[in-house]
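We count residues from 1, following the sequence as given. This structure is a prediction, so every number in the text was calculated from the model and none was measured.
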Amino acid sequence: MNRHLYNNDELSEYGPFNGTVIYSARPIKLLAGDIIQVVSGSTTKPKQYYYHGAYVYSHEVNSDKPERKKYLINSLQPLNPPVEVTRNLLPEGNTFNTFIGNLTTSLRRVPEVYLELYQGLIESSGQYKAKLDSDIDRIVGSDTGIRTSISRELLCRLGQGKFKKNVERVWGSNRCALSGIDLPELLIASHIKPWASSDNGERLNGCNGILLASHIDKLFDSFIITFKEVGGQFVLHSSPKIKAFLEKNFRINKSSLDLGKLTPSNFREVSGFLKFHNHEFERLHIE
């Protein structure tokens with residue numbers, strides 16, 4: 001189970017989070033292997049809160065602080081330095097008061113939208129960059145300008161659990177539309193028209209998204225691949241410079257998206273958003 005812990009650095013009884021020990025006044029029964037998502041910060045102005053990453057509960061020991069239980073934890077996906085949680089990253093409908101006051105204290109269960117947010121913070125921190133991500137960065141290069149705002153957009157997108165639900169509802173599927181992967185931890189609701197280019201109505205519109213596995217999302221988000229409407233299907237098109245890489249490393253057997261339960265009207269709306277994506281793809285890759 002994923003649990004929340006808020007470590008207030010201003011309280012002398014806790015002190016700065018050290019990554020090995022946590023305290024709680026709530027009589028929560030923890031099980032070995034429970035994952036602890038740790039947030040810390042200051043409650044005085046200016047309010048600043050930081051995500052320290054994921055840790056694993058080990059066991060309880062005798063406490064050295066009155067009326068506090070003391071638990072030992074081990075690192076799972078620690079962030080050093082921690083990543084700041086800013087207001088614009090909070091899921092829709094949440095403020096810092098609800099975030100800290102109701103959701104992160106006392107080892108409560110972590111809401112799904114926050115698990116998505118935290119995974120996005122871990123990925124965007126660059127502290128756990130996979131080899132595949134590095135290969136993509138190498139191929140894309142730094143001279144195309146296509147990664148300028150990707151990290152910021154990724155955080156905004158992952159902070160919007162509502163958007164992912166809207167995409168799943170529109171497509172009627174919880175699988176990657178290209179690879180068929182159904183592991184929730186690897187799936188991202190990828191914006192077709194980027195967050196920064198969309199208006200408020202487009203940002204949460206389920207027709208402005210495709211559920212993709214994270215490695216495919218990176219290619220799509222970077223305009224290295226796109227999907228063009230051909231004969232009632234959305235057909236995969238890739239940059240010439242990555243075609244061999246895709247065939248060698250991705251083993252994608254499909255050439256078009258699985259339309260799931262996409263209705264005709266939703267198909268037309270998705271197609272409209274894809275025209276924006278197609279244009280950016282061609283601008284970058286078609287001479």
Side-chain angles (χ1 to χ4, degrees), residues 1-130 151 154-155 158-159 161 183-186:
M1 177 182 290
N2 272 276
R3 296 182 181 276
H4 253 142
L5 180 80
Y6 175 58
N7 187 89
N8 189 333
D9 285 346
E10 291 184 337
L11 297 179
S12 59
E13 63 191 34
Y14 288 102
F17 178 66
N18 63 14
T20 61
V21 174
I22 59 175
Y23 295 90
S24 178
R26 179 178 288 271
I28 295 290
K29 181 175 177 58
L30 296 178
L31 299 177
D34 278 354
I35 299 173
I36 313 296
Q37 307 284 348
V38 180
V39 175
S40 73
S42 167
T43 57
T44 61
K45 294 184 178 181
K47 293 182 177 180
Q48 288 185 302
Y49 301 102
Y50 296 89
Y51 174 56
H52 290 261
Y55 294 77
V56 179
Y57 168 65
S58 174
H59 61 281
E60 182 179 352
V61 295
N62 291 332
S63 181
D64 51 350
K65 301 187 186 302
E67 300 181 356
R68 295 289 187 273
K69 288 183 174 292
K70 181 177 182 179
Y71 305 111
L72 299 187
I73 57 175
N74 297 313
S75 298
L76 179 61
Q77 286 184 302
L79 292 177
N80 186 20
V83 177
E84 185 174 5
V85 181
T86 57
R87 183 181 300 276
N88 67 304
L89 297 181
L90 296 178
E92 184 180 17
N94 285 283
T95 65
F96 278 131
N97 287 337
T98 57
F99 174 57
I100 298 300
N102 300 333
L103 299 176
T104 67
T105 56
S106 302
L107 297 173
R108 295 174 184 265
R109 192 165 187 167
V110 185
E112 181 181 351
V113 291
Y114 281 100
L115 289 178
E116 295 173 354
L117 169 62
Y118 294 153
Q119 189 58 43
L121 291 173
I122 288 172
E123 291 175 358
S124 65
S125 73
Q127 297 183 33
Y128 290 91
K129 204 161 198 177
S151 293
L154 175 63
L155 294 182
L158 290 176
L183 187 62
E185 292 81 1
L186 295 181

Measuring from [X]:[atom1] to [Y]:[atom2], what's the distance to the nearest 0.5 Å?
X	Y	atom1	atom2	result
Ile122	Gln77	CD1	CD	4.0 Å
Ile73	Asn18	CD1	CG	7.5 Å
Ile36	Leu76	CD1	CG	10.5 Å
Ser40	Gln48	OG	CD	10.5 Å
Arg109	Asp34	CZ	CG	10.0 Å
Asn94	Leu117	CG	CG	10.0 Å

Give me the atom names and distance for the closest heavy-atom approach of [X] to [Y].
X	Y	result
Arg3	Lys29	NH2-O, 3.6 Å
Ile35	Ala54	CG2-CB, 4.0 Å
Tyr55	Pro78	OH-CB, 3.3 Å
Thr86	Asn88	OG1-OD1, 2.5 Å

Which of parallel (below 30°), tilted (30 to 60°) and perpendicular (above 60°) describes Phe96 and Tyr49?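 Rings of Phe96 and Tyr49: tilted, as their planes differ by 30° to 60°.
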
What's the verdict on side chain to side chain contact (heavy atoms under 4.5 Å, CB included) for Leu115 and Gln37, showing C-alpha distance, side-chain angles and the deciding distance? CA-CA 9 Å; Leu115 289 178; Gln37 307 284 348; 3.9 Å; yes

Side chains of [X] and [Y], heavy atoms from C-beta outward: is any pair under 4.5 Å?
X	Y	value
Leu89	Leu121	yes
Lys70	Lys65	no
Val21	Leu72	yes
Leu107	Ile22	yes

May I ask you to check whether over 12 heavy atoms, not counting those of Glu84, lie within 6.0 Å of atom CD?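 Atom CD in Glu84 is crowded, with more than 12 foreign heavy atoms closer than 6.0 Å.
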
Any donor and acceptor pair, going by atom type alone, linking the side chain of Ser58 with main-chain N or O of Asn74 inside 3.5 Å?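 No, because the side chain of Ser58 does not come within donor-acceptor range (under 3.5 Å) of the backbone of Asn74.
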
Candidate pair His4 and Tyr114, rule side chain to side chain contact (heavy atoms under 4.5 Å, CB included), full reasoning: CA-CA 10 Å; His4 253 142; Tyr114 281 100; 4.2 Å; yes

Assess whether side chain to side chain contact (heavy atoms under 4.5 Å, CB included) is satisfied between Val39 and Tyr118, documenting all intermediate values. CA-CA 10 Å; Val39 175; Tyr118 294 153; 3.4 Å; yes

